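Report on the structure given below.
Predicted model, so just to flag it, every value in this text is computed and none were measured. A note on names: the letters A, B, ... follow the listed sequences, proteins ahead of strands, and every chain is numbered from 1.
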There are 2 protein chains.
Amino acid sequence: ILEARSLTRQYRMTGEIVEAVRGVTLSVMPGEFVALMGPSGSGKSTLLQLLGGLDQPTSGEVLLEGESIGRLSDSDATRLRRERTGFVFQSFNLVPLMNVVENVGLPFTIAGQDPRSADLSARIREAIALVELTGKERHKPDQLSAGEQQRVAVARAIVTRPALLFADEPTGNLDFRTGTGILDALWRTCVERGQTIVLVTHDAKAAAYADRVLVVGDGEVQDEIVLGRR
Amino acid sequence: ILEARSLTRQYRMTGEIVEAVRGVTLSVMPGEFVALMGPSGSGKSTLLQLLGGLDQPTSGEVLLEGESIGRLSDSDATRLRRERTGFVFQSFNLVPLMNVVENVGLPFTIAGQDPRSADLSARIREAIALVELTGKERHKPDQLSAGEQQRVAVARAIVTRPALLFADEPTGNLDFRTGTGILDALWRTCVERGQTIVLVTHDAKAAAYADRVLVVGDGEVQDEIVLGRR
Ligand SMILES: Nc1ncnc2c1ncn2[C@@H]1O[C@H](COP(=O)(O)OP(=O)(O)OP(=O)(O)O)[C@@H](O)[C@H]1O
Ligand SMILES: Nc1ncnc2c1ncn2[C@@H]1O[C@H](COP(=O)(O)OP(=O)(O)OP(=O)(O)O)[C@@H](O)[C@H]1O
Ligand SMILES: [Mg+2]
Ligand SMILES: [Mg+2]
């Protein structure tokens with residue numbers, strides 16, 4: 001369902017080039033749960049954004065459901081991304097002027113649907129309940145704790161039940177119990193609905209939910225650990 | 001060195017009042033290392049900001065080195081805070097247009113000193129080395145990974161060698177090894193220089209560095225675990 005071929009990503013700064021991703025080739029099967037672990041600064045977020053079509057590689061290509069997203073038109077790539085993927089950002093990326101319900105319902109709004117319709121508002125409520133934020137619906141991001149903001153980002157990413165979920169450290173600001181609740185919920189969608197999940201995490205307990213763990217270092221995948229969960 | 005008496009903090013929203021802190025009394029001895037743990041949304045960041053003088057309680061008082069900071073003038077409170085404390089924010093709060101060196105040196109700049117002088121620039125380099133960001137000095141925050149931004153926030157908080165360090169989840173975006181390196185460094189300043197540390201963390205391994213752990217829940221301190229490290 002997802003393939004990367006010889007991906008590289010360079011950032012150009014005055015006087016130097018940062019090679020954040022230096023040649024990554026990997027593939028993810030439908031319904032698979034893959035974790036990416038590695039030191040801070042090793043290129044995990046950059047790699048995840050390349051895989052999710054949110055960034056263009058310096059070289060190499062990414063195939064989403066067989067389509068090379070680099071070769072699609074902007075609108076086609078955007079449509080594919082919005083219809084097939086969800087993304088939890090490491091820095092949340094919530095809309096400051098919207099409350100929790102509006103932020104979680106944003107994917108529907110962007111798709112031209114009405115998040116206040118009966119079935120969509122039920123789905124939004126369900127996503128909010130899954131991340132245990134029932135009762136905080138009217139809060140805006142600056143009225144939420146960091147872990148609550150992180151959970152809004154998770155709810156927004158899963159509300160469309162995407163075929164492919166990308167999650168960049170979704171539990172870094174959460175206590176053990178709340179974080180486990182969210183990982184359990186993500187794992188269930190994987191098992192019950194065949195959702196594919198690519199999770200970046202610093203937490204070995206979170207990585208333990210995966211079918212396999214790719215160890216990232218210095219912009220490359222350096223190791224692979226097959227956990228054989230299923 | 002730090003005392004809280006019957007602290008409360010309410011947030012007012014249209015139609016409801018959120019009681020983030022509901023009566024906290026505690027005291028911290030000079031040179032002590034205290035950890036605060038608890039569920040997401042339980043009031044830890046709110047409490048830490050009250051203790052650090054960055055927020056005013058709805059009722060109750062905070063005494064910093066014997067001075068009730070609520071009764072000081074704005075300029076006196078600000079000066080006390082800047083000369084005696086350092087604060088690592090959960091959301092980093094870096095200056096977007098400044099690079100790493102400038103961000104880390106900001107406490108000196110604010111105090112009217114020149115961070116480019118020989119001894120201060122050496123201290124800045126030392127703080128940057130402590131968080132393992134040597135080589136990234138010219139990067140601006142948007143050219144850094146989340147964990148690197150978090151480490152800049154830590155370096156900035158410790159560069160003045162404050163008597164009292166407040167740290168709100170300083171390792172949430174860091175891998176095990178990098179995070180341990182930072183906690184080791186903080187623990188050393190505690191032991192060698194008698195620095196007082198109040199650390200909010202979701203990570204039990206980080207809390208294990210403390211002399212005692214206060215368990216926060218629903219805006220209150222619900223439990224205390226004495227680790228007897230020293
Ligand atoms: N400006 C605000 N208005 C209303 N409620 C708020 C505001 N800021 C925070 N809150 C609420 O206060 C409570 C405590 O927030 P706080 O940030 O202290 O939690 P926390 O323990 O640090 O959580 P986390 O572990 O997720 O960082 C949360 O339930 C949050 O929803
Ligand atoms: N815009 C940029 N310009 C220059 N360098 C950058 C830029 N963005 C990121 N980098 C560098 O690229 C490297 C990889 O960044 P990335 O965010 O992918 O790391 P990461 O593995 O997600 O780290 P963390 O675990 O801290 O989140 C880092 O060393 C960072 O300094
Ligand atoms: Mg990252
Ligand atoms: Mg917090």
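Residues Arg151(B) and Ser40(A) bring a donor and an acceptor atom of their side chains to less than 3.5 Å of each other. Remark: the Thr58(B) side chain and the Tyr11(B) side chain contain no N/O donor-acceptor pair separated by less than 3.5 Å. A side-chain donor-acceptor contact under 3.5 Å links Ser45(A) and Gln90(A). Between the side chains of Thr178(A) and Asp175(A), at least one donor N or O lies within less than 3.5 Å of an accepting N or O.
Contact count against chain B (heavy-atom pairs under 4.5 Å) is highest for Ala146(A) among Ala146(A), Ser42(A), Ala204(A). Per-residue counts of heavy-atom pairs under 4.5 Å with chain A were compared for Met37(B), Met13(B), Glu169(B); the largest is that of Met13(B). Among the candidates His139(A), Arg177(A), Glu148(A), Lys136(A), the residue making the largest number of heavy-atom pairs closer than 4.5 Å to chain B is His139(A).
Only the side chain of Ser145(B) comes within less than 4.5 Å of a heavy atom of chain A; its backbone N, CA, C and O stay farther away. For Arg138(B), the parts lying under 4.5 angstrom from a heavy atom of chain A are both the backbone and the side chain. Residue Thr14(B) touches chain A through both its backbone and its side chain, counting heavy-atom pairs closer than 4.5 Å. In this structure, the portion of Gln143(A) lying under 4.5 Å from any heavy atom of chain B is its side chain and not its backbone.
Salt-bridge annotation for Arg125(A) and Glu137(A): absent, with no side-chain N of the basic residue lying under 4.0 Å from a carboxylate O of the acidic one.
More than 12 heavy-atom neighbours from other residues, nucleotides or ligands sit within 6.0 angstrom of CG on Asp142(A).
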